[in-house]
Amino acid sequence: MGNICKGSNRAGPKYRLIVPNHTLEEHVKSPHHPNRNHRSNRIKTTKYSIITFLPKNLFEQFHRFANLYFLFVVALNWVPQVQAFGKEIAMIPIVFVLTVTAVKDAFEDFRRYKSDKKVNSSQCRVFCNTADKHDFHPKDWCDIHVGDIIHLSCNDIIPADIVLLKSSDEQGICHVETMNLDGETNLKQRQAVTGIDYENNDYKAWRFKYTVECEQPNAEIYKFNGYVKLSDREGDIAPLNQNNILLRGCIMRNTDYIEGLVVYAGHETKSMMNNRNPRYKRSKLERALNRDVIWCVIILLFLCFFCAAGSALWLGQYEDSTAIPFIPFESSEQFNPYFQAFIVFFTYIIIFQSVIPLPLYVSLEIIKILQIYFINQDLHLYYEPTDKRVECRALNITEDLGQVEYIFSDKTGTLTENQMEFKSCTIGGKNYPHVAEFDDDIQSETGSRYSLANVSRNSSEGTRKIGYQKAIMENLKLETEIQRELSSMCLRSVGSIDVSLSVASHKNQVQEFFLLMAICNTVVVSLHPHEDIMDNEGNIASSTNNLQVPSIAPKVNLNQNQSENQVPTEKYTKIPDNPPGKKLPPLNSDGSTPRNGKSNLLPPIQQNNLDRDKFPRYTQRLEYMPKISTPTGSVAGSIAGSSIRSDMSRTRYEAESPDELALVRAASTYNCCLKGRTANTVTVWLPGEGEVELKVLHVLSFDSTRKRMSVIVKHPLTKETILYTKGADSAVLSVLAKKYKEDEEFIKMRRNTEEHILAYAMQGLRTLCMAKKTISKADYEKWAKRHLEAESALDDREEKLLASACSIESELELLGATGIEDKLQEGVPETIHNLRMAGIKVWVLTGDKQETAIQIAYSSQLFNQDQQLIVVNADNKEATCDLMKHHLEEIMLEEKTPRETESSPPTKKKEYGLVIDGKTLAFALEKDMEKLFLVLAGKCNSVICCRSSPIQKGMVVHLAREELKVLTLAIGDGANDVAMIQMADVGIGISGQEGMQAVMASDFAIARFQFLERMLLVHGHWCYSRVARFSVFMFYKSLISTMVLFWFNLYSGYSGSTHIDSLFLMGHHVFFTAFPPIVNGIMDKDLVPETLLAFPTLYKVGPEGRTYTRLSFLIVFLDSIYQSVCVHFICYFGYFDGVGIWEFGTTMMVSLVLSILFHQAIETYRWMWPQWLTLILSFVVFWLFGIVIDSFFMTFDHPMTPYWVMQNTISKPIHACIVLVSVVAALLPRIIVRSVQMTVFPDEIMQAQYYEKLKEEEQEETAPNSRVASPDSGYENRKDSKDSGYDNKALDMKNDTQEENSLPEVAYRNGRVRHRQNSNQRTAEPQIAESAT
Amino acid sequence: MANGTPGTPGPETEKAASRRPKDTKLKQQRLPAWQPILTAGTVLPAFFAIGLAFIPLGVVLLVTSDDIQEVRYDYTQCTSTDAATLGQKCADLLSNLTATGQTCTCTISIELKEDFRGTVYMYYGLTNFYQNHRRYVRSRDDSQLHGYNVDSLYSDCEPFKTKKINTSLEMKIAPCGAIANSLFNDTYAFVYKGDGSQNVNVSMLRTGIAWASDKDVKFGNPSSWAGFTNPPNWNNKMVYQLDPDDENNNGYKNEDLIVWMRTAALPTFRKLHRRINHQQTQFTEGLPKGTYEVTIDYAYPVTLFDGTKSIILTTTSWLGGKNPFLGIAYLVVGSICILLGVIFLLIHLKWGRKTSEMINVTSRTTFN
């Protein structure tokens, strides 16, 4: 994209001129077309075309150092003086590597091409102006040009940057969701251009004939300037700003349709110009590899220098070199030993080239792609309810999954479901815990917190599907008292509440509380789905014109319900067979006449909603259709007439945040329903009165500084101006009226409320505080004036608005507070527990309040009872510093004490958990404090940062990554986690409720948090182990092949001679011994998943880097020297003196290949058929290749004309004798070391392998028949035989410390395969119970 | 799926568009596997097996090598028997000679202490001769040697690619290159002194010493020798004069040339030169013990590079020449294996059981 950015910045006119295309004559074509210089909407993200592929791809590939090096080597080989191999043969490896990479690149580019094509061929309606007809026609996105007027319906993706001309809204307002662009989930309002004079003020597309001038394309999303030239007169313009522009990639919401003029298209759109290429990530292991590749270079240079020096000395011993028959130089100058040393140095670079493992990188790429394929295929990581697999977006960091040391997790939506449920409330100091009846065992207030976990278990997968909607309301046991209070709720009662008489007004407080819950929000009620009356052909559907065209299935055709009485729910989809007359049948033919005349046009939303659940990926905006169950109390039953029920069944709520949704739903459960909302009014149904409309004067929307939102409404009867505020308890309680500090009664109420809030937080509920204020007319007018000023301010608008909002949000009267539960995701405690057992430090970064976060931390096993909590809350930097120092000293002290009393039994090392809030975190993250913070955090096993902002999240991850030098993993689901995900070494997105932003930024996307366990402990471990062992092996392979050549050169006058046929030498790395390591790198398993999951500590191998250490290279270097000595010198002495150079080389080559293959065999943990196959095939192919190639006389392989060499060599018994003894001798040390290590000093992996073996044997004894079915390590057996030895053994092994607790947990592990749900339910209780005590 | 029954994704509930991965053994990485664990216990039988196989094999190899009868005579410093230069060292004579083509004759006598049974071969051996030198190895043109009508020779043949005959004429050398130019050209005549005083000429076969594949395919004579000259060191001998008596052993197909062209791997090497003609009455059983007088046409200089020349008479076996190394190597490796087997047995007895116990113990502690 870079070049485009540059292109746009080139000198040129400051403004671009856009002429609406429909005003131009047909024949006006380029070069006179005024819009000719603007790009079309076709996008192309591919790197290559068919023609440019080869040169461009090669050019890019040669940017890599290794490729350039090998190109240099190939070029060197063309210099006759230094030539070592056949010119063509020397090119085999590099050509092979380039080809493989090119094929891979071509494939990736082809995928981009296909995705481009898909995007380009998306449909959109474009205005066409033909002589007799003005209408919209569907066109592909790529055919949209600057100057076109396009028509979009609700939920359409905006195809280009357009200036809004017309919206279905009367005020010209439309909403867009900019999540794809900036990650913000809230809707943005856009305004149609005003001040344009259409005939009769009636906008029609063809009446827009004005020229638009705007800025040249730029990447600034929040900036747009321009104007519409209304006439040629100077200054007769309609200005355009960012409120008038809809950017490509955004989604239109809450508006039936819009029309707009394209101003930027294709790559000139702001979103495309912002489209940066993803950060190229290099895994930790790869960085270690690069270090050892440098060692290879050093070895190469050393060998070359050594041999060059040897060459000079060797030549120097001959007094008259010209007479020596075996030193044929063309001219006498060349006999100079130093000159020859110089020449031969380059020859040696060619000969020893393979010391740098050329195929290493390309093989790694192949391996990782296939590893990813297998991760993607894992059934255990597939989430059925959403039909989602793991999505691997980064291709080259699989092994990083196995080395994670720190996990940074978001809470909401990651650990929790992000399905908010109203749980309890406190009104006027009176608690309404809404304790469900079925929780018999839970009586106390604190007890109800377990429902948090219980409910999440109970509504696990199976039931969720069906019970999704109703589960929530059914769990809410309505408080009859509230129902009684609310029963008489009407306008008169809510309006005239006199708060000074608190006791008498409790009823009013309750009513007002629920009114607030219903109206103080930004929930949009859509009584009908947004429907565009224009069909895809641009025809306006009307009662007279029912000409319906079969629809081309549009891209966003989400929830097409093919039921009988289905009407279009989404944009211009029409059902062709629907007879016009029957199109809109009334849903209810009973007497209930809905007030809203439109409502009988509505589709059965019930069904619609259920359908939506089947396509959860589209439920980006939370929608809820309140399902009114008859309240338990008879009172409500009599009030809630059938009319409201039938009415409400068609309503659905669209909320920005799930909390608001939960509140509105809770209110509507009490029959206090939000019925509708327009820009200026809000309609509610009151149980005692029915539907009423309130005028909304202001909505002071939520922001993270105030942490509260307010609405100001006008009471229709009393004409009072009332401010309703809800927000974080701290944010609301701090702005209460004075009397809450003075008057005893109010203090009591406040204290009660605070107690309840605390109790809610202790239950892990999210709390919101509700308050109100009646504003006097004079105060209101004064404030409104200032607020208007702030709104229209040009600079510092944000701050002024903030100040203005704060000024009115003061002196509030407390109404109460709510507790909303965000259910923990299933399996979260187990997952976190196991991840922590695996030695991973888990940090939770959340925006929630501290108490809530701590409780979630306890219930999710992040903290356990042994852990000592360190809470760091401070108001300024000094205090933060002191506090942290204090805690650190205490920890240090604690650490020292056990050492002093060595006689005492070894106490378990004390564990700590750190809690820090956002404000303190800000101080702690300052430059001079970060070290201290990290030291402190490093001492703690788990850390919670509450109330932290997205930027802080990113900063924390960055800090840990850079300062602690650890491998970090960030997991999150929302746009607020993007910073963190991008910052971390491994970013994981949860494809959940909050849209795709996190997923788009991530390296891997999983459906549930619990999958993380398998991702890391199994796949991560495997990938790390495989890649590490593969890399070690590749180094071994290069080194041994090089060393064999080196030894020979000691006996060939340091002349740069090779005894092995160059064809074999070149082919051996890319063909003969290439595949077994690759197959092992993809498939070999050190341990089976069951073992890895049962013993999370095994994961520590990865983070501690025990498979690929700094010593690995040294060990492999020494081993390869030894092995090459065996191969060379046994051959050397075995043949003694009677052998030709090529026979010598052939025997050595066979020994070499066999040594490598057997070495690979020793390093293989688990033999499956692909390994057998490649290993055997490799040798057979090598051998047959030798025989076949040597059967033909050919001279291209100068100087070796290999005719019949192989046959002659292998036909002699001495060949086999030499090969046999040299291979055995070469591999002896490795076998000895491996088996002694395994027997005497087994590490954890080996112990676990041994354990697996024992299990397998046990299984064979108990179930001898199953062995036939599954010789694999009993995976299936385990599945079937739950009472078999495995379980008991596992139990045995599991732990003594956890005692009872271990039982269900292990059972859980084993049961997981069988049926997850049952075991989940079984295990849930003891798990949680433990954490509670 | 839709009905939420876990674990039983029946086909009827499976949606067509489901992205559910296929539950195959390959895709789920559950292929049946064999998991060998290299412990002392499992490895030690292999060690014993290798040891038990290698030691007898080593003995066989050693015995085979021992049975081979071989005599080697280093004649580098032999003295001239020519009348003119009698008593002088041929090596010195050769280095003082100005013109090529002149030779020195020397006679040596080789004593066979026992009868050489079976087929006896005659080798010449050179030391310090780097036939494996990179430039030397490359200095040939196999197309030319194959008999192709080559227009241009390999540049690698330089400086023995062409030869200036006179100022205007420069002819291609046949065969080109340093290897051919340095063709070994000492000749030998064997006389058996026998039990009596009678001298029997030992007749030698010049053929059957090269690889059949080389002789039949790799080397071939061109249709015409015209336009080619001989290598500079060849004493005016043309390639088609190498063996004028035997049409099939002449030119590029000359076996002495073929053997020489197959360059040796190491600077110390021997090359098969002649086969003893066992058709002769005295030599049907091999070479009888006694003295053999060898008259050598000493023409090949080796002292320049501190090399030596020797003449080798040897019988042969299935293993090749006399070389005890392999037998010893097998014995050593075999013994090491047996030794290791014993050590591993001890390790196994000491640690093997403990390991299984330890695993049960440590798993409790470390796996928590």
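Within every chain, numbering begins at 1; the chains are lettered A, B, ... in the order of the sequence lines, protein sequences first and strands thereafter.
A pairwise comparison of heavy atoms in Met1168(A) and Ala33(B) identifies CG-CB, 3.6 Å as the closest pair. When all heavy atoms of Thr39(B) and Tyr1250(A) are compared, the closest pair comes out as CG2-CE1, 3.9 Å. In this structure, Ser182(B) and Pro325(A) approach most closely via the heavy-atom pair CB-CB, 3.6 Å. Phe1048(A) and Ala265(B) make their closest contact through CE1-O, 3.3 Å (heavy atoms, listed as atom of the first residue, atom of the second, distance). The shortest heavy-atom contact between Phe160(B) and Pro328(A) is CE1-CB, 4.0 Å. In terms of heavy-atom proximity, Leu1228(A) sits nearest to Phe47(B) at CD2-CE2, 3.3 Å.
Counted by atom type alone, Asp142(B) and Thr1195(A) present zero donor-acceptor pairs between their side chains at under 3.5 Å.
Note on Leu1220(A), Val1236(A), Val1205(A): by heavy-atom pairs under 4.5 Å with chain B, the leading option is Leu1220(A). Your options are Lys1253(A), His1215(A), Lys1212(A), and the one with the most heavy-atom pairs under 4.5 Å with chain B is Lys1253(A). Interface summary for chain A: among Lys22(B), Glu158(B), His146(B), the most heavy-atom pairs under 4.5 angstrom belong to His146(B). When each of Met1194(A), Gln1207(A), Glu1143(A), Gln317(A) is checked for heavy-atom pairs under 4.5 Å with chain B, Glu1143(A) comes out on top. No other option in Trp318(B), Tyr123(B), Tyr154(B) has as many heavy-atom pairs under 4.5 Å with chain A as Tyr154(B).
Proximity of a side-chain donor or acceptor of Arg19(B) to a complementary backbone N or O of Lys388(A) within less than 3.5 Å is not detected. Of the possible donor and acceptor atoms, one in the side chain of Asn132(B) sits under 3.5 Å from a partner among the backbone N and O of Tyr1051(A). Listed for the Lys218(B) side chain is a donor-acceptor partner under 3.5 Å among the backbone atoms of Thr1201(A). Checked by atom type and distance alone, the side chain of Lys1085(A) pairs as donor or acceptor with a backbone atom of Gln29(B) at under 3.5 Å. Of the possible polar contacts, one joining the Arg134(B) side chain to the Gln83(A) backbone as a donor-acceptor pair under 3.5 Å is found. With Gln35(B) contributing its side chain and Tyr1165(A) its backbone, the two residues share no donor-acceptor pair below 3.5 Å. With hydrogens and angles ignored, the 3.5 Å screen pairs a side-chain donor or acceptor of Asn323(B) with a backbone N or O of Gly1134(A). Listed for the Lys271(B) side chain is no donor-acceptor partner under 3.5 Å among the backbone atoms of Val1139(A).
Contact check for Pro21(B) versus Arg389(A): side-chain heavy atoms found under the 4.5 Å cut-off. Between Ile1141(A) and Gln131(B), every side-chain heavy-atom pair lies at or beyond the 4.5 Å cut-off.
When heavy atoms are compared at a cutoff of 4.5 Å, Ile336(B) approaches chain A solely by way of its side chain, counted from C-beta outward. Interface remark: Leu319(B) contributes backbone and side-chain atoms alike to the contact with chain A (heavy atom separation under 4.5 Å). Looking at Cys337(B), the atoms closer than 4.5 Å to chain A (heavy atoms on both sides) all sit in the side chain, from C-beta outward. Interface remark: Tyr148(B) contributes side-chain atoms only to the contact with chain A (heavy atom separation under 4.5 Å). Heavy-atom distances place both the backbone and the side chain of Leu304(B) under 4.5 Å from chain A.
Here the CZ atom belonging to Phe1193(A) is positioned 13.0 Å from the CG atom belonging to Asp216(B), to the nearest 0.5 angstrom. Rounding to the nearest 0.5 Å gives a distance of 14.0 Å between CE of Met1238(A) and CD1 of Ile347(B). Between atom CD1 of residue Ile37(B) and atom OG of residue Ser1235(A) there is a gap of 12.5 Å, rounded to the nearest 0.5 Å. Annotation: the span from Arg138(B) atom CZ to Ser1057(A) atom OG amounts to 9.0 Å, rounded to 0.5 Å.
In this structure, Trp1167(A) and Trp34(B) have tilted ring planes: the angle between them lies in the 30° to 60° band. Phe1133(A) and Phe325(B) have tilted rings, their planes meeting at an angle from 30° to 60° on a 0 to 90° scale. In this structure, Phe326(A) and Phe305(B) have perpendicular ring planes: the angle between them is above 60°, well past the 30° mark.
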For this session: Applying side chain to side chain contact (heavy atoms under 4.5 Å, CB included), run through Tyr330(B) and Cys1217(A) and close with a yes or a no.
Result: CA-CA 9 Å; Tyr330(B) 269 88; Cys1217(A) 290; 3.8 Å; yes
Problem set entry | Stepwise side chain to side chain contact (heavy atoms under 4.5 Å, CB included) test for Val1224(A) and Phe54(B) | CA-CA 10 Å; Val1224(A) 169; Phe54(B) 271 29; 3.7 Å; yes
For this session: Give the C-alpha distance, both sets of side-chain angles, the deciding distance and a yes or no for side chain to side chain contact (heavy atoms under 4.5 Å, CB included) between Ile324(A) and Tyr136(B).
Result: CA-CA 11 Å; Ile324(A) 310 297; Tyr136(B) 185 81; over 6 Å; no
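Residues forming a salt bridge (charged side-chain N to carboxylate O under 4.0 Å, His left out) with Lys215(B) (at least two apart in sequence, or on another chain): Glu255(B).
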